[in-house]
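Worksheet: one structure, shown below.
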Amino acid sequence: MDTHSTENTETSGFEPKIMAFVCNWCTYAGADLAGTSRMEYRPNVRIIKLPCTGRIDPQFIIKAFENGADGVLVSGCHPGDCHYTTGNYHARRRWIGFKSLMEFAGIDMRRLHFSWVSASEAIKWVDLINNITDTVKKLGPFMEYRGLKEGCREAKT
Amino acid sequence: MTMKIPYYPGCTLNTVAKGFDATAREAALKIGFEMEELKLWNCCGATFPLTPDNLIALSAPAKVLSNARKEGDTVTTLCSVCYNVLKRTNKVIKDDKEKRGVINGFIDSEYDGSLSVLHYLEVLRDKIGFARLKEAVKRPLKGIKAATYYGCMLLRPFEDIGIDDAEKPTIFENMLSALGATPVDFPNKIECCGAHLAMNNTDVVEKLSGNVMTSAVDNGAELIVTSCPLCQYNLEKSQKRLIEERPGYTGVPVVYFTQVLGLAIGADINTLGFEKNEYSIMPLLHRKGIVAGED
Amino acid sequence: MPRIGVFVCQCGNNIAATVDTKKVAEEMAKLPGVVYTTDYKFMCSSPGQEMLKKAIIDNKLDGVIVSACSPHMHEKTFRKASEAAGLNPYRCEITNIREQCSWVHHDKTKKTGTIKSTDLTRMVIERLKRNRPLTKIKIPVRKKALVIGGGIAGIQAALDIAEGGREVILVEKEPSIGGNMARLSETFPTMDCSQCILTPKMVEAELNERITLYTYSEVEKVDGYIGNFTVQIRKKARYVDEALCTGCGECIEKCPFKAESQFEVGLTKRKIIYTPFPQSVPNVPVIDAPNCPKIQKDKCGACAIVCGPKCIDFKQQDRIETVDVGAIIVATGYQNMANERFGEYGYGRIKDVISGMQFERLASSSGPTGGEIRRPSDGKIPKSVVFIQCVGSRDEKKGVSYCSKVCCMYTAKHTMLYSHKVHDGQSYVFYMDIRSGGKRYEEFVRKAIEHDHAMYLRGRVSRVYEKDGKVIVQGADTLSGSQVEIEADMVVLATAIVSRDGADTLAQKLGIGYDKYRFYNEYHPKLKPVETVTAGIFLAGTCMGPMDIPESVAQGSAAASKALALFSADEMTRKPVTALVNRATCNACWDCLTACPYTAIEREDVRNRQGETIRWLARVNEGVCQGCGVCVAACRSKSIDLRGYTDEQVFAAINAF
Amino acid sequence: MKIKLAKEDIESSKIQLIERVSGEEMRRCYQCGKCSAGCPVSFAMELPPSQVMRFLQLGRVDEVMKANSMWTCVGCLQCYARCPQGVSVAAVLEALRQIVLRKGTDHERIKDVPFPFMKSAPQQAIVCGFRKFVS
Ligand SMILES: Cc1cc2nc3c(=O)[nH]c(=O)nc-3n(C[C@H](O)[C@H](O)[C@H](O)COP(=O)(O)OP(=O)(O)OC[C@H]3O[C@@H](n4cnc5c(N)ncnc54)[C@H](O)[C@@H]3O)c2cc1C
Ligand SMILES: Cc1cc2nc3c(=O)[nH]c(=O)nc-3n(C[C@H](O)[C@H](O)[C@H](O)COP(=O)(O)OP(=O)(O)OC[C@H]3O[C@@H](n4cnc5c(N)ncnc54)[C@H](O)[C@@H]3O)c2cc1C
Ligand code: SF4
Ligand code: SF4
Ligand code: SF4
Ligand code: SF4
Ligand code: SF4
Ligand code: SF4
Ligand code: SF4
Ligand code: SF4
């Protein structure tokens with residue numbers, strides 16, 4: 001099913017796959033604004049919308065890497081602007097735990113990004129995606145976890 | 001057993017202001033504690049450097065503190081300036097790990113800021129209690145209208161010193177009340193006397209100290225009480241001009257609080273060092289009938 | 001096997017220019033469970049919607065995907081259309097291939113756009129397969145409002161709601177409504193007499209049959225959620241039976257003792273049995289129990305003897321009453337910062353240093369001096385008055401960092417009132433900036449300066465002290481670079497406006513947010529200025545931050561219209577995106593409960609037949625849950641999930657990545 | 001007086017030095033004048049404390065260096081104690097003094113100090129005075 005990465009690879013060498021978990025209220029709207037403003041950014045990102053960054057489970061990130069993501073972005077409202085008052089504080093607090101967990105799990109922290117993009121920060125969104133794509137591109141494909149999933153699949157079938 | 005309190009005299013008290021020192025020690029004994037002079041001490045530098053990068057200047061007070069820590073967990077001072085310098089230095093060492101390292105490096109010690117720096121007035125207020133002090137009074141200073149001059153160093157900056165409210169302090173007044181005197185409140189009690197400008201700008205000092213004196217006298221003061229040798233010096237010296245300029249102004253005694261303390265708790269009048277004052281307190285004491293004698 | 005239909009929109013050329021929509025549709029047709037695919041020029045147009053409906057019916061679709069613009073644009077449209085065709089609206093999902101794809105990737109070969117659209121659509125299809133049909137939550141609405149705080153903002157809100165035909169309960173903690181405005185003399189910028197414009201409103205509030213006043217009362221406890229709040233109100237013992245009292249005032253007349261009047265800001269005394277001011281609403285006195293010798297040690301009782309209707313009851317107790325309401329408006333107002341904090345200004349030590357509010361009372365014709373400006377120390381008319389602005393405001397070190405917004409204006413007003421009353425007097429104002437934004441405000445300040453001869457000095461005051469019956473003010477005029485000393489007769493401090501003591505406790509009871517100064521947070525400072533994040537609770541007036549009367553009134557009306565809008569339907573619906581506890585696995589660790597920003601999770605005890613608690617479970621209150629999902633991530637045993645964003649759905653989307 | 005302003009003046013290295021030595025940021029001062037209002041020696045200063053701050057905000061170090069303000073300050077901390085922004089003009093003035101003194105330029109020569117003072121003044125006055133005026 002990994003259609004997009006293979007096709008991209010044909011044209012321009014390694015094209016990383018970036019998964020973005022964003023909140024519905026700020027970052028999703030910020031990305032929309034980038035669209036309505038007809039800005040352009042690297043096509044490598046795939047967005048999954050969640051109500052709030054507070055909904056994000058470390059499992060999501062690990063699953064994303066397992067499924068072939070080379071980089072993951074988590075982005076929500078700025079501190080203090082959370083649609084749900086304090087949801088993003090929870091996310092932030094959990095982030096500290098995440099980080100050590102991810103590091104422990106052998107994930108290069110340059111592949112995992114955490115940011116705030118508000119509904120009006122289209123430019124920030126564009127820069128963020130471009131930067132992450134370029135950073136991860138330099139790092140090359142992230143194979144460790146992909147192998148894991150393939151292994152599981154094979155074991156199952 | 002009498003409480004022993006480690007005591008840092010400082011350079012001035014050891015020389016010019018000896019009366020300040022001796023009376024404090026004697027008074028302490030009468031009230032029931034002992035001022036135990038530190039075995040090892042040096043001048044504190046007499047100025048807290050206001051620029052935060054000037055750590056060298058903190059080495060002298062740090063050395064005092066570091067040595068004092070070896071003798072106990074508190075240190076008491078009499079002089080407002082010593083108090084200010086030691087207390088602020090102590091705070092820097094306690095709160096700022098980085099600076100602590102540098103300062104300790106200078107003086108080759110491992111002092112951590114764990115000392116508590118007390119002013120003698122604080123000992124009276126917090127360790128003895130003014131009520132107990134009142135009981136120790138043998139010669140109440142009844143009828144003496146005494147103005148309390150705090151100056152700058154005893155109060156500011158509040159965040160670092162915190163002995164009392166920086167705008168409306170009362171510790172001095174409460175002590176004087178305990179001694180039976182009538183404290184006089186006056187607006188300039190927390191204004192500067194001119195301090196070290198005495199060295200090269202006597203005009204300004206005369207003006208500032210003159211303001212302090214007139215403001216005190218206008219509010220009925222017959223006596224000025226202070227806790228700083230430099231204030232004492234400036235306030236005394238500036239009165240010459242007042243005498244020249246203000247008709248009817250004859251000079252007001254400016255004494256250390258420990259001197260009136262000693263007086264009140266019944267020390268021998270001849271040991272209090274009043275003879276050193278430019279404007280003698282004796283006529284006032286006679287007039288009020290506190291010490292027998294001619295007016 | 002699911003029966004899913006995929007509709008790829010061209011959006012004219014908006015999508016089609018960089019995405020091969022036909023190819024996307026074809027690719028999707030290859031996926032298991034997808035039974036129908038098409039692309040179309042304008043999906044949101046009427047023909048587009050009709051096509052969607054028809055396809056659902058003809059192909060017996062049990063789920064649809066519209067790959068089009070952002071769900072923020074047309075999710076509602078397509079869910080409605082699906083519903084019309086008999087599909088559960090939550091079985092309709094949108095893929096955003098316009099804002100997230102065609103508009104941001106300008107590859108004219110359509111290659112990039114097509115690949116990305118295919119990926120995105122595939123992810124949403126996999127997610128949709130796990131979508132459960134959800135039904136909107138319907139909540140009944142009690143069409144009655146509670147207003148907390150009877151200042152001008154609260155009174156205005158209550159009157160507007162009553163006018164809109166709904167019932168209101170107005171809770172005021174003081175014995176009378178009126179708030180701070182009742183104390184003011186005349187009000188900027190028009191200089192109408194405060195009481196003259198306020199008291200008619202107070203009386204109207206009392207007489208309006210739809211308004212129930214609870215004065216001398218406080219909110220004790222708040223339960224429930226939008227449309228369905230249950231509120232306990234403590235009616236503090238007044239020691240006077242409100243129903244019987246005729247307001248004759250005999251008791252007050254005869255009471256032999258006095259205490260300081262809070263209403264007059266300490267400028268004078270009032271009786272122990274008192275009404276705060278003559279026009280109090282209700283006009284029923286209250287006994288100041290801590291100061292009444294009868295209540296404290298059974299001595300006196302004079303008031304009870306003279307009271308004709310015998311309504312004084314020294315044994316009265318606080319009473320708790322419970323009311324059910326659908327909306328709550330918080331209008332608890334402000335107080336002034338304690339001036340004693342600024343020792344350099346001498347307030348509290350120097351009698352003739354007073355606060356702005358005290359000046360209001362001196363200038364008020366119903367005040368302790370009958371409106372004559374007389375200084376507190378000796379009752380003399382002050383010939384020179386110094387006003388100090390920004391006392392405590394814009395003072396990071398000892399006060400608050402914000403600007404109190406009204407004090408520039410009321411100080412200008414004070415100088416005018418003073419010059420009108422003391423013709424040979426001179427006023428001086430120490431200011432840092434003059435903040436007079438608003439209709440006719442700047443003109444007002446200019447008038448004070450040019451017409452009423454107020455001397456404005458740009459600088460702060462360092463110290464105020466007394467000398468020979470004068471108050472000496474030592475300030476600076478930074479414009480000339482000089483120190484300024486003024487021998488004044490009186491000094492007036494324009495003290496910072498701060499939140500009420502206890503504002504935070506009330507906020508916690510209500511579950512609304514507040515800032516570091518304990519002012520309540522609006523939902524959005526520009527676009528939702530009177531709403532809170534807690535649905536059904538609205539804000540009005542100075543409990544949100546400093547503002548003047550016109551703004552407070554506007555907010556009172558705005559909050560009222562929000563409540564009325566809520567009451568316009570019998571039921572309200574909410575998105576069914578709420579958390580759900582798995583009762584089999586929940587181990588009652590309460591991690592979710594502490595994480596939930598809305599306190600939507602309760603402890604439920606499961607009992608056996610004997611009525612003994614055998615275990616505990618977390619339970620989500622659907623009325624309160626806002627669907628943020630914070631609890632889901634917090635639960636370590638994965639016992640709580642979020643409808644519409646279940647773990648299963650999210651994992652499915654990730655797996656299809 | 002006419003001042004020509006440019007970013008280079010406002011953020012000059014001299015200003016940065018003063019900020020570093022004093023530990024104060026010039027732009028924190030909002031020119032309320034409270035320091036000047038309460039400074040006991042304001043009357044004798046060529047530039048009162050708040051104007052010292054203003055000139056430094058404008059990058060005019062020379063004007064400030066020329067003025068007697070730094071040598072007139074008695075270090076009483078009244079400015080700092082009452083500044084609503086928590087700015088210590090006292091520290092800024094001390095920094096200015098330090099910058100001069102650290103170059104080895106004394107402001108006071110010991111031999112110029114009047115003899116009666118040296119003889120009768122408390123030690124601390126002498127120590128303190130030397131610290132403020134002598135490198
Ligand atoms: C000195 C001064 C002069 C002013 N002059 C003017 C002027 O000339 N023109 C102008 O436009 N504005 C003026 N203002 C501002 C004006 O006072 C306010 O804008 C206005 O009063 C705010 O009304 P409010 O209803 O928001 O708050 P408030 O008047 O404070 O009313 C709040 C009410 O809620 C009650 N309450 C508080 N907590 C609770 C609780 N927990 N439970 C129940 N009840 C509670 C209080 O008792 C009070 O009755 C002045 C302010 C000051 C300080
Ligand atoms: C440079 C600038 C920057 C600003 N920045 C901010 C800011 O950062 N934050 C902020 O809060 N505010 C800002 N404002 C203020 C803000 O623009 C206004 O508060 C706000 O736009 C006012 O909205 P309005 O609806 O009252 O009026 P308008 O935006 O003027 O809307 C009025 C509408 O009515 C229409 N209309 C007029 N007459 C008629 C008629 N006879 N029939 C039919 N239609 C008619 C007009 O075409 C217009 O669409 C700024 C203002 C300016 C000038
Ligand atoms: S549904 Fe959205 S993408 Fe399609 S035509 Fe309408 S606006 Fe354009
Ligand atoms: S009983 Fe209390 S309230 Fe009544 S008259 Fe006596 S003091 Fe006043
Ligand atoms: S005397 Fe009785 S009826 Fe009259 S005001 Fe007092 S309590 Fe009310
Ligand atoms: S409104 Fe004026 S007086 Fe009040 S805080 Fe703001 S600037 Fe200061
Ligand atoms: S966090 Fe999970 S296990 Fe703990 S109480 Fe909540 S639902 Fe139950
Ligand atoms: S989804 Fe959010 S609001 Fe709902 S119960 Fe969970 S944490 Fe609370
Ligand atoms: S008091 Fe502070 S803020 Fe005000 S002018 Fe002086 S330094 Fe600046
Ligand atoms: S420290 Fe210096 S500048 Fe500050 S008030 Fe005292 S004399 Fe003035």
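Residue numbers begin at 1 in each chain, while the letters A, B, ... track the order of the sequences. Hydrogens, waters and symmetry mates are skipped; everything else that's a heavy atom, side chains included, is used. Small disclaimer: the values here were computed from a predicted structure and weren't measured.
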Using side-chain heavy atoms (C-beta onward) and a distance below 4.5 Å, is [X] in contact with [Y]?
| X | Y | answer |
| --- | --- | --- |
| D/Arg20 | B/Asp53 | no |
| B/Pro49 | D/Glu94 | yes |
| D/Leu77 | B/Leu50 | yes |
| D/Glu24 | B/Thr51 | no |

Proximity breakdown for D/Ala95 and chain B, heavy-atom pairs closer than 4.5 Å =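 It is both, since atoms from each part get that close.
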
Region of D/Gln78 in contact with chain B, defined by heavy-atom distances below 4.5 Å | both

Supply the atom-to-atom distance D/Thr72 OG1 to B/Asp203 CG, rounded to the nearest 0.5 angstrom.
-> 11.5 Å

Rounded to the nearest 0.5 Å, what's the gap from CG on B/Leu197 to CH2 on D/Trp71? Could you check?
->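 One gets 11.5 Å once the value is rounded to the nearest 0.5 Å.
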
Atom [atom1] of [X]: over 12 foreign heavy atoms under 6.0 Å:
| X | atom1 | value |
| --- | --- | --- |
| B/Glu98 | CD | no |
| B/Lys91 | NZ | yes |
| B/Lys87 | NZ | yes |

Counting only non-hydrogen atoms closer than 4.5 Å, does [X] touch chain D with its backbone (N, CA, C, O), its side chain (CB onward), both, or neither?
| X | answer |
| --- | --- |
| B/Ala198 | both |
| B/Cys79 | side chain |
| B/Tyr233 | side chain |
| B/Glu159 | side chain |
| B/Asn234 | neither |
| B/Leu155 | neither |

Heavy-atom closest contact ([X] atom, [Y] atom, distance):
| X | Y | result |
| --- | --- | --- |
| D/Phe43 | B/Leu208 | CE2-CD2, 4.1 Å |
| B/His196 | D/Val74 | CE1-O, 3.6 Å |
| B/Pro52 | D/Val21 | CD-O, 3.3 Å |

Is a side-chain donor or acceptor of B/Arg156 paired with a backbone partner of D/Ala81 at a separation under 3.5 angstrom?
-> no

